[in-house]
Every structure is written in structure tokens, then in C-alpha cells.
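Letters A, B, ... mirror the listed sequences (proteins, then strands); counts begin at 1.
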Amino acid sequence: MASGSSDAPPPVAPWDAADRIVLGRTPGGAIVAVALDREGAAGRRPLSDAELPAWVALREAEAARAGRGVRWIWSGSAEWYPRLLAAGVRVSRCHDLRLCRAILALAVPDPADTRDGGWDEAVDDDAPDALFEIGGDAPRPSAFDRTLAEYERQEAALARAADPGRLRLLLAAESAGSLVAAELRAAGLPWDADRHDALLRTELGERIAGGTPARIAQTAAAVRAALGDPAASLDSQPKLLRALHRAGVRVESTSKWELAEHDHPVIEPLLEYKRLMRLYTANGWAWLAEWVRDGRFRPVYVPGGVVTGRWASSGGGALQIPRGLRDAVRADPGWVMIDADVAQLEPRVLAAMARDERMAAAAGSDLYEGVVASGAVATRAEAKVAMLGALYGSTTGDSGRLVPRLRQVFPRAMALVDAAAREGERGGQVSTWLGRVSPAPSAAWLEAQRRASDGAADEQRARRLARDQGRFTRNFVVQGTAAEWALAWLADLRARLAAIPPVPEDHAARASGPVFARRPHLAFFLHDEVMVHAPAERAEEAADAIRGAAEAAGRLLFGSFPIAFPLDVRIGRSVAKD
DNA sequence: CGTTCGACGGGT
DNA sequence: TTTAACCCGTCGAACG
């Protein structure tokens, strides 16, 4: 092993080491706060909803004065934090029981509990009392005691973990992410509705009451003319497919990449029709009216919404904003948007996890160019598809053909993902760098493997499912660790931004909300990219915070291993990306 | 009338 | 240069 113990991540995150306060509700709905010290509960206090924000703010201020932090332990930031933010209160740290339990249930299964998942029912402080009355008139714990008990179970689970230090780091990062998610929604992404409207008019033409916009209607007419079918239905996949066949276009689907392979007068207007219709239905005026208010797009982020630890979103399609609409993102007057994304995050994470010094050396500032320089492949484009093939497990096509070359040049990195794939193929579970464990294969998958000897068809099916699972676990370790890096980046960045001195004036304070007025704040996050909305005179400080946080995230996860996470940072207008 | 599913296309 | 990982939202068709 080339790596010494100095490479191991430190056991405690910089945003850790805090006093702890548990917040919960009694069955009657009253809030209870309990302060915890090393010995256990050190104080208990009832609170009304009205008093809560000011009381939380006071605890935060006291902790800050004492030069320490305070960690709020609650059922979930999604329930507790938006109300605090609306009241102008920011918290520095939390422990999100719901998110942490999801991690612990897979990472440290409870041996005393034989039920699926091994954990109690969901902690839900807002649930009606009926949920807790299953025992009739038997004594039952209050909802608040269940909150406290859940936290104690989680602490006990951590103590049983193979590497409690890393897992604690993951729980802290996940919880910090839950705060960021609530803050992103509260602050919103500055969105210029007039600019969006102008883009729509340019592409789709004028809006027509009760009908499709002008250019869509014209394009539809052109498609029908080319088909020689004035009544052709363009919005029903089966009907469109039949109409294409009647016109002599032999396609098996109506997907754009297959259509593009054919030469027929209908192809060009049809592809244009599909493009316009997509824009109109997914991000048209209806989307604008529903999701943009007061110059802010406020999507719902769902931390931990993906098994790998990536975030999902629900509502607003925050993670699918088409590149062409990015132009509608406009800073407030006197403010700027800072857009930063990491170059080739996943392969860099793989190099660091595998301690592959050669791959790390090739990474430099452009990893794909480095791969070319290593002699593995001839062009940057080849390097890119080869690397994606290595991470996703492709075996065919150009990508699959190039993967063996990477295996020759970067054996350590490839051995890590290959081992993860083998583990998945035989039904095992794999783990990210900090200890997020992949879900076990489904009962249907196990059943298919059991039947593999029943016949040729069953055997083929079992093999295919095994390979599918192998590709999943192969990708899980890298995508999941990249998500951990991103959480560490976000967590450190929100702390750095909060420490930047506010500017005296902010004419747009109302839109951003009380917590985010007058100082740089996170406005968008997407896997490996952040946007920060900053007063112009704080732009450089904010950009430095973004870079500094990326460096800190790399050190936190990978210690002294020499891997860089270079950022493309753009202050002001955003441009198209690679 | 509802709900569910497959096809499609947007993101990383 | 569709081959592969993880997603979400919309639509129409099919089903109940």
C-alpha cells in the first residue's frame, strides 16, 4: 500500500464538534427542546411555534460568541428549516434524522431487528396522533421521545460501524446538504421572466389564445405537407409512427437520433417540431407562471433522493433546465451570478479512491488531455468516451473497445471499478468512500439467479440481470463518492459565504429573503455545479470561497493524496459548457 | 372518471 | 460517435 494512515480522512468534519439540541413535538403538537451534553439530557424546554425562531437564533448567536457551533437534531430539515428561514433565522449545523437513518439502515443493519431495513417507522413529528395509538390505552412514548430515541439508536449504530469516523463525516455532510437544499429554495435562483418570455417568443412565435404558438403551428403544417397527410397526428407516438411508415420512412421509433439517420423531406421539420413542442410543454409559459415568482425560480430539491446520494428534485424540473434557457438566469441589479463547475469530477474521484497516482498525475487541469498524453488513446474525444465507458461499464461500441486501453494504463483505478462490478454481479453490496452502501438486489433479482439453471432462457436472463447489477454497483461507488465530494464542497461553501461581511444596501432583499439579503448566497446546485448570487463588490470574495471550499472538500475526503479538483469559475454571464 | 405505464427528451 | 449509470416531467394510450 502506498497510502499511509495520514491519508485517512480526519474523523471530525470542520462543521462538526458542536453542542447538540434536539427539537421535537409532543403528541399535542407543542415543541420541546432538549440540550444534550456528554452525559445525556442537560436541559429541557417547551416552546411555542411563535417563540421558536427567536430562541433558535439566540442559541446560534450564543454558540457563535463562544466560538463553537450548535447542532440541531430534528426529524428532518425539510419540516423544520423553511419556517426558520422565513423568519430570518439561519442555523449552522444539524442532524437530519430521516436522511441519516436512510444511510445507517444500509450501512449498519441492526442485528436485533429482523424486519426489512431494520429500523423503526419513519420519524414524523407532524404525523397525526393516530399513528402512535396502535397500542390502544397502553402507555406509549410521545412523538418527542421517539425523536430522542431515534437519535440514540443512530448514535449506537454509528458506534457499531466499521469506520465510525468516516460514517460520521458522511452524516454531517448529508445533514449540511439538507440545510443547503432548504436555503436554495428559500433564496431562489434569480430568474428574468421577461428574458424567458423573449426566448420563448423567438423560438415558438407569438402566443395564440386557445391554440399552439405560431411557429409550432407553422412547423406542424410543414410536417403534414411533407407527409402528404393533412390530418396526421404528430403528438401520438403510435399514430406518428404509422404516418411515417405510410410516407415511406422506415423507422422503428420516433426518437430523434433514429429519425436523423434517414433522408426524407419530413425529417427536418419533424425534428424542429419535436424540439419546439418540447420547449413549449416542458419549459414554456405554463412553467414560467407556475415556478417563477418575484424574479426567483424556487425548485424543490430532494437531498438523498437518488440511491447513490445524489440529489433529486421534485417539481420545477430543477435538474433538467435546458442549456438554452440558462440565459434567463439574471442577477439582480448591482449583483452578479457566479457559476462554477468541476471539470471531470467522477474520474478524479476514482483516481483518488483507488490511490492511482498515475491517473492522478494525468488529471492535471484537463483529465482527458492527460489521458491522451499518457498514450492510452489518441484523441481527447476518445479519452472521454473511454472514461465514461469505464465508469458506466460499457462493453460494446467505441466506448467498450477503448476501455481495455485504460485498464492497461491505469490498472489501480480500473481494478477498483472492476471489483465493484464483480461484487454486484454476484449479488453483493458495495460502498462509497465515506460508507454509503448500495441497496441489496431485489427479491426478483435473487429469484432470477436461483433459476439460472432451469434452462437456457433462464440462464441468459440471469446473466443479463447480473451484468446490469454489476454496472449499477460499478457506477455506484464513483457516482456516490462524487456526490460526497459535492456535499463537502457545499457544506464548506455555505459556511464561507455566511462569513462574508454583508453590504450596506440591498434593493432586492425582499426577493432573496431576510437570511440572504446583502451577502453572497448559494442560488443553484446540480451534481458538480454551483451558482452563487453575490453583490458585485463581493464577487471576488465569493469566487474565492467557491475555490477554497473545493480545495477543502478534496482534503477532507482524500487527505494528502495529490488530486486536484479544478473549477471553471465564471463571474457574470454564463457561457455554454463542455 | 381516475391511475399506471411506456415513449420521449431534458439534465449530470 | 445510441453505448452505458443515475434521474424528472410530459404526453398519450391502456387499464380499471
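Between R467(A) and the phosphate of dA4(C), there is no side-chain N or O to OP1/OP2 separation shorter than 4.0 Å.
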Please table the atom pairs, donor to acceptor, closer than 3.5 Å between any side-chain atom in residues 416-429 of chain A and protein atoms at least two apart or in another chain.
from, atom 1, to, atom 2, distance (Å)
D418(A), OD1, R407(A), NH2, 3.2
D418(A), OD1, R474(A), NH1, 3.2
D418(A), OD1, R474(A), NH2, 3.0
D418(A), OD2, R407(A), NE, 2.8
D418(A), OD2, R407(A), NH2, 3.3
E423(A), OE1, R426(A), NH2, 2.6
Q429(A), NE2, S438(A), O, 2.9

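Sorted by first and then second residue, the ring pair (Phe, Tyr, Trp, His ring centres under 6.0 Å) pairs involving residues 467-486 of chain A (not counting sequence neighbours) are F472(A)-F476(A), W485(A)-W489(A), W485(A)-F565(A). For residues 193-238 of chain A, the ring pair (Phe, Tyr, Trp, His ring centres under 6.0 Å) pairs, not counting sequence neighbours, are W191(A)-H196(A), H196(A)-W287(A). Residue pairs that meet the ring pair (Phe, Tyr, Trp, His ring centres under 6.0 Å) test with at least one member in residues 383-412 of chain A, sequence neighbours left out, do not exist here.
Annotation: proximity of residues 205-224 of chain A to DNA chain C (heavy atom, distance under 4.0 Å) is found for no residue. Contacts of residues 251-271 of chain A with DNA chain B (heavy atom under 4.0 Å): S253(A), T254(A), S255(A), K256(A).
Taking atom CE of residue M277(A) and atom P of nucleotide dC8(B), one finds them 16 Å apart after rounding to whole Å. Atom CD in E382(A) sits roughly 10 Å away from atom C1' in dT1(C) (whole-Å rounding). Taking atom CD1 on I321(A) and atom P on dG9(B), their separation rounds to 19 Å, with Å as the unit. To the nearest angstrom, C1' of dG11(B) lies 13 Å from CZ of F525(A). Atom NZ in K384(A) sits about 18 Å away from atom P in dT3(C), given to the nearest Å. Atom OH in Y273(A) sits about 13 Å away from atom P in dG9(B), given to the nearest Å.
For Q479(A), the side-chain hydrogen bond (donor to acceptor under 3.5 Å, both in side chains) partners are T308(A), N475(A), not counting sequence neighbours. With sequence neighbours excluded, the residues satisfying side-chain hydrogen bond (donor to acceptor under 3.5 Å, both in side chains) with E459(A) are R463(A). Evaluation of the side-chain hydrogen bond (donor to acceptor under 3.5 Å, both in side chains) rule for R496(A) yields D492(A) as partners, not counting sequence neighbours. Listed by chain and residue number, E272(A) satisfy the side-chain hydrogen bond (donor to acceptor under 3.5 Å, both in side chains) test with R215(A) (two or more places apart in sequence, or in another chain). Judged as a side-chain contact (heavy atoms from CB on, under 4.5 Å), and not counting sequence neighbours, the contacts of K256(A) are L271(A).
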Under 4.0 Å protein heavy-atom contact, by nucleotide of nucleotides 5-12 of chain C - B base, S sugar-phosphate only: BBSBBSSS
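Salt bridge present: D398(A) and R401(A) bring a charged side-chain N and a carboxylate O closer than 4.0 Å. Taking 4.0 Å as the cut-off between side-chain N and carboxylate O, R166(A) and D163(A) count as a salt-bridged pair.
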